[in-house]
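Below is one structure, written out as structure tokens, with a few remarks after it.
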Amino acid sequence: MKAVVLPAHNQGYRIEEIADPKPYKGEVVIKVNKAALCYRDLLQIKGFYPRSKYPLILGHEVVGTVEEVGENVNDYREGDRVTSMLFVPDWSCEYCKSGEEVYCKNRVLYAQELDGFFAEKARVKASSLVKIPENVSDEGAVIVPCVAAMVYRGLKKAGIKEGEDVLVTGASGGVGIHAIQVAKALGAKVIGVTSSESKARIVSKFADYVIVGDKFSEEAKKIGDISIVIENVGPYTLEESMRSLRSGGKIIQIGNLDPSITFNLRLGYVILKDLSLIGHIGANKKDIVETLNLVKEGKIKPVIGSEFRLEDFGKALDLLKENKNRYGKILISNSF
């Protein structure tokens, strides 16, 4: 089968022909229907994840169809459509037992310790799988584990209340465009911030208000008292995000487009304005199930900007690097 392989740390990627996977005990092999490209993939190619085990198949967002079932797998069978958590917890530690397996001390991550999903087939631990409801499309499911469910958990962690004002930076991107929908599904009024008028037309289909430009705090404050900012960009917008918030507001920090850049955080401003900065990544299985139901109910709709075949992975990566005309999620597909 074909797969996108990272041969070693910071050594780029190759599209290789490798052997088809076989399931071991507690595993299944899936035919990969669609996988989604994430900014993490680009950072990983650039060497920002040094603990990864190489050689490694890239890609951590997937929807597939079960083709082969290994020993001791009872909950899945051939033909089931599934997605997966981004990691495999041990399901026995104190965090797993409390329903917060995202903090599992012994978790292993797909596309870091385990092979990922930019391939024609993939071997997946059955304990990380989630069945996809019948009337949820592949596109609707693939945006859930890494994006919609992650944002859903972040907003719950921030204590979102119905009617609150939420601002989303990077609003046209793969995370931002779906974060808007998750916040609205939870009853918020949402302001989307984006970089151009062309992207604003897309964002306006989902957000209640749209602001264009990198200086947005004053305009945002005129719209309402911003309780929560979903921050998808990082140092470039964080200062304005902080200024946008009402006293007692919260920032859910998700994005960091350039990890090599530091941010000079003014602690006095944070203290006097009583702000909370919440670092956030990941979702529990329960979050994925609940968010898939929001997709099923039509409250979250997948926004797919582009779709590429596996052999055109390089073109997909080039588009991810380009900010000007990119919006929504970029998919790598084996099923057009």
Side-chain angles (χ1 to χ4, degrees), residues 1-70 76 78 81-88 107-126 128-129 138-139 141-143 145-147 174 259 304-322 326 329-336:
M1 70 172 186
K2 291 186 179 67
V4 177
V5 177
L6 304 185
H9 177 243
N10 205 19
Q11 295 296 310
Y13 71 91
R14 298 195 293 251
I15 299 176
E16 296 185 358
E17 192 73 37
I18 62 175
D20 286 0
K22 292 293 181 183
Y24 298 123
K25 186 176 179 179
E27 298 179 337
V28 305
V29 168
I30 62 171
K31 173 187 175 292
V32 175
N33 298 343
K34 297 183 188 294
L37 194 60
C38 177
Y39 207 80
R40 175 187 131 181
D41 299 317
L42 179 59
L43 296 178
Q44 193 165 359
I45 292 170
K46 290 182 176 181
F48 282 104
Y49 290 83
R51 292 193 302 172
S52 299
K53 296 181 179 180
Y54 301 96
L56 182 70
I57 298 175
L58 191 63
H60 56 277
E61 305 175 57
V62 71
V63 167
T65 304
V66 175
E67 281 199 344
E68 194 173 351
V69 178
Y76 300 93
E78 185 178 336
R81 243 178 2 118
V82 293
T83 187
S84 175
M85 302 167 68
L86 309 187
F87 59 93
V88 183
R107 68 179 188 168
V108 289
L109 279 71
Y110 290 107
Q112 286 194 49
E113 290 95 346
L114 302 172
D115 277 332
F117 306 122
F118 290 146
E120 293 179 285
K121 297 182 180 184
R123 182 167 58 232
V124 191
K125 303 289 185 182
S128 72
L129 291 176
D138 285 351
E139 292 82 0
V142 78
I143 58 102
C146 184
V147 178
I304 309 303
S306 303
E307 194 165 355
F308 295 86
R309 296 184 185 278
L310 186 64
E311 52 266 35
D312 293 324
F313 179 78
K315 295 178 181 178
L317 199 61
D318 288 342
L319 182 60
L320 183 67
K321 297 174 186 176
E322 179 204 335
R326 175 171 53 83
K329 288 296 283 184
I330 302 171
L331 300 187
I332 306 297
S333 179
N334 290 316
S335 57
F336 277 92

Atom pair [atom1] ([X]) and [atom2] ([Y]), whose distance is rounded to the nearest 0.5 Å:
X: L6; Y: Q112; atom1: CG; atom2: CD; result: 10.5 Å
X: D312; Y: I15; atom1: CG; atom2: CD1; result: 7.5 Å
X: I332; Y: L37; atom1: CD1; atom2: CG; result: 5.5 Å
X: S333; Y: E139; atom1: OG; atom2: CD; result: 7.5 Å
X: K125; Y: Y24; atom1: NZ; atom2: OH; result: 9.5 Å
X: N33; Y: F117; atom1: CG; atom2: CZ; result: 12.5 Å

Counting N and O atoms only, with roles assigned by atom type, does the side chain of [X] sit under 3.5 Å from a partner on the main chain of [Y], one being a donor and the other an acceptor?
X: T83; Y: V62; answer: yes
X: E120; Y: K2; answer: yes
X: K25; Y: G70; answer: no
X: Y76; Y: L129; answer: yes

(request) Give the intermediate values and the outcome of side-chain contact (heavy atoms from CB on, under 4.5 Å) for residues I45 and L317. (result) CA-CA 10 Å; I45 292 170; L317 199 61; 3.7 Å; yes
If I compare all heavy atoms of [X] with all of [Y], which pair ends up nearest, and what's the gap?
X: L109; Y: R40; result: CD2-NH1, 4.3 Å
X: V69; Y: P23; result: C-CG, 4.2 Å
X: A36; Y: L331; result: CB-CD2, 3.8 Å
X: A119; Y: V32; result: O-CB, 3.3 Å
X: V63; Y: A141; result: CG2-CB, 3.6 Å
X: P7; Y: V5; result: CD-O, 3.4 Å

Does the side chain of [X] reach to within under 4.5 Å of the side chain of [Y], using non-hydrogen atoms?
X: Y110; Y: V124; answer: yes
X: V82; Y: V28; answer: no
X: L58; Y: Q44; answer: yes
X: E113; Y: V88; answer: no

(message) Could you go through K34 and E307, starting from their C-alpha distance and side-chain angles, then the distance that decides it, and tell me whether this counts as salt bridge (charged side-chain N to carboxylate O under 4.0 Å, His left out)?
(response) CA-CA 9 Å; K34 297 183 188 294; E307 194 165 355; 2.4 Å; yes
(message) Is there a side-chain contact (heavy atoms from CB on, under 4.5 Å) between D115 and L56? Walk through the geometry before answering.
(response) CA-CA 5 Å; D115 277 332; L56 182 70; 3.8 Å; yes
(message) Checking E17 now: which residues fulfil side chain to side chain donor-acceptor pair (under 3.5 Å) with it, not counting sequence neighbours?
(response)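 By the side chain to side chain donor-acceptor pair (under 3.5 Å) rule, E17 matches no residue at all.
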(request) For R123, enumerate each residue passing the side chain to side chain donor-acceptor pair (under 3.5 Å) test, keeping only those at least two apart in sequence or located in another chain. (result)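 Checked R123 against side chain to side chain donor-acceptor pair (under 3.5 Å); matches are E27.
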(message) One pair to check against salt bridge (charged side-chain N to carboxylate O under 4.0 Å, His left out): K121 and E68. What are the steps and the verdict?
(response) CA-CA 11 Å; K121 297 182 180 184; E68 194 173 351; over 6 Å; no
(request) Test side-chain contact (heavy atoms from CB on, under 4.5 Å) on E61 and V147 and set out the steps. (result) CA-CA 9 Å; E61 305 175 57; V147 178; 4.0 Å; yes
(request) Taking ring pair (Phe, Tyr, Trp, His ring centres under 6.0 Å) as the test, write out the residues that go with F313, two or more places apart. (result)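 Result, ring pair (Phe, Tyr, Trp, His ring centres under 6.0 Å) vs F313: Y13, F118.
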